[in-house]
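Since the structure comes first, as structure tokens, the remarks are kept for the end.
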Amino acid sequence: MSKTTNDKVNNASPAPSDFIREMVARHVTEKKYPRIHTRFPPEPNGYLHIGHAKSICLNFGIAREFGGICNLRMDDTNPTKEDVEYVDSIVEDVNWLIAGWADDKLGLKPKGKTPDTIASNGKPDFYLAPTVGQASRLSPSEFEEIGDRRDACPTLEPFYASDYFDQLYEYALQLIKKGKAYVCDLSPEDTDKYRGAPDRPGTDSPFRNRSVEENLDLFTRMKNGEFPDGARTLRSKIDMASPNIWLRDPLLYRIRHAEHHHTGNKWCIYPMYDFAHCLSDYIEGITHSICTLEFEVHRPLYDWILENLDLPRPLPRQYEFAKLIPSYMIVSKRKLISLVNDKVVTGWDDPRMPTISGIRRRGVTAEALRNFAIGVGVTKYISVTDIAVYEHAIREDLNKRALRRLAVLRPIKVVISNYPEDKSEELEATNNPEDAHAGTRKIPFSRILYIERDDFMENPPPKYFRLRPGGEVRLKYAYILRCDEVVKDTTGAIIELRCTADLDSKSGGTTAQRKVKGTIHWVSAAHAVDAEVRLYDRLFTEAEPDKDGRDFKSVLNPKSLEVVTAKCEPSLAGAKPELRYQFERLGYFALDPDSTPGRLVLNRTITLKDTWAKEAKQLGTGPYTSGKTSRTE
RNA sequence: UGUCCGGUGGUGUAAUGGUAGCACAAGGGUCUUUGGAGCCCUUUGUCAUGGUUCGAAUCCAUGCCGGACAGCCA
């Protein structure tokens, strides 16, 4: 969150290079367009996820690298699936992700503004200019606290494809007048039959050769609401025998008597994606329309519509790349929505969700997410990205910024027999060894402590460097401790450890230099602050949850969330939502919005790398969960 | 059996006719008052077969394998 960190990522990282950027660079050299203009066009029918993060970083990244603009646009042409809740979340998530990085490239528009009509040879030509860089009034940390930035910019809003319904209707009329579109009365079932199959040509619709006048009349009446849903469609007239199915007279408009979240009840006909998207791009002056691979076969249609409208300005072109698929995650809106609806998770922003809001709540910073989304590269090869790459990006980022704190997740009581009962002292501790400017703090020490249950074993395996009967460990920032006696209850469970401290061994003491193999964390019992700590782990136990059509819910990780009451050093009582914490030897943690002044709730973003867990696994010495991970592998 | 798009270590990604590199992962070492971080080292790759060329991951051909496309979804 520091300026230096941002600068490093913004300026010191080599500019990404990929086949799309190479193309854009060529176009810049050729001066093909007055400026580079991309767009991020989600449909507001779900929350943005990590796959969208890649698309956002690509589109906004290109804008910032080539001095361009990236419009945020709601691709909202299907009223039955969309909702303002999703619009709001999309705006919030995009703003969070690009804050301090590319928010000065964000193209928005004045609220309520629709395209201007530009006279051109008697034919309609429409253009809607962006307002740029107005959303960057909040710093990333301010943004984390405030959230929805629409409130901060009351006069601006994203672009909406639905704002172009008037213009799209005009364009449809043009196509009809040119004999390139017709109203078809075929039922949905018959439309399917007439379309043929990938290896079998389709057949012409019996309504294909209606007169222009009849088409105009019927289309007007469709618009006026004279026909029920599904009764008629407007179709382009291309080629029912085309080897490309998307050129077999694809539908342009369908009838839907439904209220739209943005246009209300003004329309009962709605444009299809293929018709709306290319023309929305054109209206906004988009130069590079970047989408995922599944739209590759639609590109000839994208071009056909634009080219058959004889548009006067330079046409946008579509480029496709392979979407991001991280292992141990699912990135399908349909499947994510079902996790929410089935209450497998607590909501779209459940910290286990691969949604941007879930990732944010988990404690991952925007910078870390961007570094990952950019680092995976851009190709046309469909692949699964190892989640380890994502986790590495998170650790790399958090290691630099997290404040170190001592906290005990699963406490066991330790009594230091030779430490006076009424004594306590303040020990100095480093806030962040990676950042000298982070300073130090004081931690109270006293006779009764808590240490981690996993940091003591009665009969430890080889290479166990922690506390054992008769053995010694270093208490971080404090004394060397020896375990004298193990106190158990009637069931044999360990309830307390009686220990002796080497009272000359703390920093600066005469025996401070003594070498002890292990160092463990601790918290003074009398001074400890309780916190609810939510230990999150991967949501799935399989790298590809939906591989080969498997039910992804059959491979849910039963241990994806464990809640414990942790004992924390007192300074954690003042934990701040915009800061990140490392509980030493355990992992990275962030304050959850569920926290209240009297009740701390922290989320484990990710564990530290745990070489002991790996070692124990190799030793085959049983389930020595280090307390750092509950991962099922 | 149609059209389009792809195949580089375990994974992801560079090399754009000229020494196959980087990152993650894995393994080893070093350091350490975090078994964290850092530092050092190592293993593993051009789908196949032909062709063009002084020289091919790159160009050509054929084959093999994978993916997308038959919503009035986007």
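Everything quoted here is computed from the prediction, not taken from an experiment. Residue numbers start from 1 in every chain, and the chains themselves are labelled A, B, ... in the order their sequence lines are given, proteins ahead of strands.
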Handout entry: Atom pair distance, as rounded to whole Å: CZ in A/Phe19 and P in B/U8
Key = 15 Å
Practice task
For the residue pair A/Ile176 and A/Leu234, establish whether any side-chain heavy-atom pair is separated by less than 4.5 Å.
Solution key: yes
Handout entry: Sugar-phosphate, base or nothing in reach of A/Glu434, heavy atoms under 4.0 Å
Key = base
Practice task
Kindly indicate whether the side chain of A/Arg200 and the base of B/G2 share any N or O donor-acceptor pair separated by less than 3.5 Å?
Solution key: no
Practice task
With heavy atoms under 4.0 Å as the rule, sort A/Lys517 into base, sugar-phosphate or nothing.
Solution key: nothing
Handout entry: Donor-acceptor pair present, A/His298 side chain and B/A68 base, under 3.5 Å
Key = no
Problem - For atom OH of A/Tyr86 and atom P of B/C73, their distance in whole Å - result: 17 Å
Problem - A/Ile451 vs A/Val473 side-chain heavy atoms within contact, under 4.5 Å - result: no
Problem - Aro-ring/base stack A/Tyr381-B/G7, d under 5.5 Å, angle under 30° - result: no
Practice task
Starting at atom CG of A/Leu252, determine the distance to atom P of B/C72, rounded to an integer number of angstrom.
Solution key: 12 Å
Exercise for the section: Kindly indicate whether the side chain of A/Tyr581, heavy atoms from C-beta on, has any atom under 4.5 Å from the side chain of A/Tyr588. Expected result: no
Practice task
Describe the nucleic acid contact of A/Arg404 in one word from base, sugar-phosphate, nothing, applying a heavy-atom distance below 4.0 Å.
Solution key: base
Handout entry: A/Arg474 (side chain) and B/U33 (base): donor-acceptor pair under 3.5 Å
Key = yes
